[in-house]
Amino acid sequence: MSRLQRLLSQPEGAVGLAILFILVVAGLLAPVISPGDPLRIAGRALLAPFTDPASPLGTDRLGRDVLAGLLYGARTSLAVGLAAAFSAMILGVCVGMVAGFAGGLVDEALMRVVDAFQIVPAFLLALAFVSTIGVSTPVIVLAIALGTWADPARLTRAQVLAIREQDYVASARVIGMHPAEIAFREILPNALPPVLALSATIVAGAILTEAALSFLGLGNPNIATWGSMIAEGRSVLRSASYLSVIPGAALAVTVLGVHLFSEGLGKALGDDGARAA
């Protein structure tokens, strides 16, 4: 049975994958469903949902289409989440691989750096970084990655420390295989599955962090984001609660989908480990 089949055989994995698939499709089709700038004025201000076919989810205080913001916000959230998780995974895996394989003083020095980053809460680090450097999408991605790379690094190191003592690694050393070849051909492929399962959790955290930064006014003002939509609805929460409820519900469903996908992926990769054992 393939990994995808094992993932789909898990109820949480199947549901999470379905949610993420719908979100990806909605984001990709955003220019088709709602062409044009999502921040443009589309109609009368504070138009209630389901009262105008041109704006099925209504409009905000400035007359911007809520559906357009929702669709383009999905693209922003997924893009930032995936980019930040990818950056954090690359940095974390490289640091953890070097620390675990080299050992000694190199391991101690790198782990103290990891400890320093883990002491500071990821959101506070991202908040300080964006406030200092400036607001832009690459800066937000980098800020989130800097707050989340330490966990993959520590997990990768733990996996490498366990795997490097295996018999097949010792056999590779005996036959004269280069240390770099041992690291990338024998150790890294077997150390990655648990780290990949962690990546989905990092994506969920990155999406929430991006939304929180946008809510506080530290997101990119030139693109539609769910956090900024929630913040926009605060001042009219009693009279037009849909302005905050709709993007808030989309954010919750997205994080739930990523979490369910992470649970299913972890079980599927766990089955791989059990079969290999």
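Computed over heavy atoms, backbone and side chain alike; hydrogens, waters and symmetry mates excluded.
- Rounded to the nearest 0.5 Å, atoms CZ (Arg6) and CD (Gln10) are 10.0 Å apart.
- Under a 3.5 Å cut-off, the side chain of Thr59 and the backbone N or O of Asp65 do not form any donor-acceptor pair.
- Remark: the backbone N or O of Gly100 is paired with a side-chain donor or acceptor of Arg164 at under 3.5 angstrom.
- Proximity of Phe101 to Ile182: side-chain heavy atoms (C-beta onward) are separated by under 4.5 Å at one or more points.
- With values rounded to the nearest 0.5 angstrom, Ile202 atom CD1 is found 10.5 Å from Ser87 atom OG.
- Of the possible donor and acceptor atoms, none in the side chain of Arg112 sits under 3.5 Å from a partner among the backbone N and O of Ala109.
- Two residues are said to be in side-chain contact when any heavy atoms from C-beta on lie closer than 4.5 Å; Leu213 and Leu127 meet this criterion.
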Given side-chain contact (heavy atoms from CB on, under 4.5 Å), test Ile187 with Met97 step by step and report yes or no. CA-CA 9 Å; Ile187 296 180; Met97 188 72 184; 4.0 Å; yes

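- The shortest distance between side-chain heavy atoms of Ile207 and Val80 does not fall below 4.5 Å.
- No side-chain donor-acceptor contact under 3.5 Å links Tyr242 to the backbone of Asp60.
- Look at Asp115 and Arg154 and you find a salt bridge, because one of the NZ, NE, NH1 or NH2 atoms lies within 4.0 Å of a carboxylate O, short of that distance.
- At least one side-chain heavy atom of Pro31 sits less than 4.5 Å from a side-chain heavy atom of Arg75.
- Side-chain contact between Trp149 and Ile90 is absent, with no heavy atoms from C-beta onward closer than 4.5 Å.
- Around the CG atom of Leu124, the shell of radius 6.0 Å holds more than 12 heavy atoms that belong to other residues, nucleotides or ligands.
- Residues Glu210 and Ser77 have side chains in contact (heavy-atom distance under 4.5 Å, counting atoms from C-beta outward).
- Residue Asn190 holds its CG atom at 5.0 Å from CD1 of Ile163, rounded to the nearest 0.5 Å.
- Proximity of Ser235 to Arg61: side-chain heavy atoms (C-beta onward) are separated by under 4.5 Å at one or more points.
- Contact annotation: the side chain of Leu67 never approaches that of Ser34 to less than 4.5 Å [non-hydrogen atoms, C-beta and beyond].
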List the steps, then state whether side-chain contact (heavy atoms from CB on, under 4.5 Å) holds for Thr225 with Phe215. CA-CA 9 Å; Thr225 63; Phe215 181 83; over 6 Å; no

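- Summarising the local packing, CZ of Phe86 is surrounded by 12 or fewer heavy atoms from other residues, nucleotides or ligands at distances under 6.0 Å.
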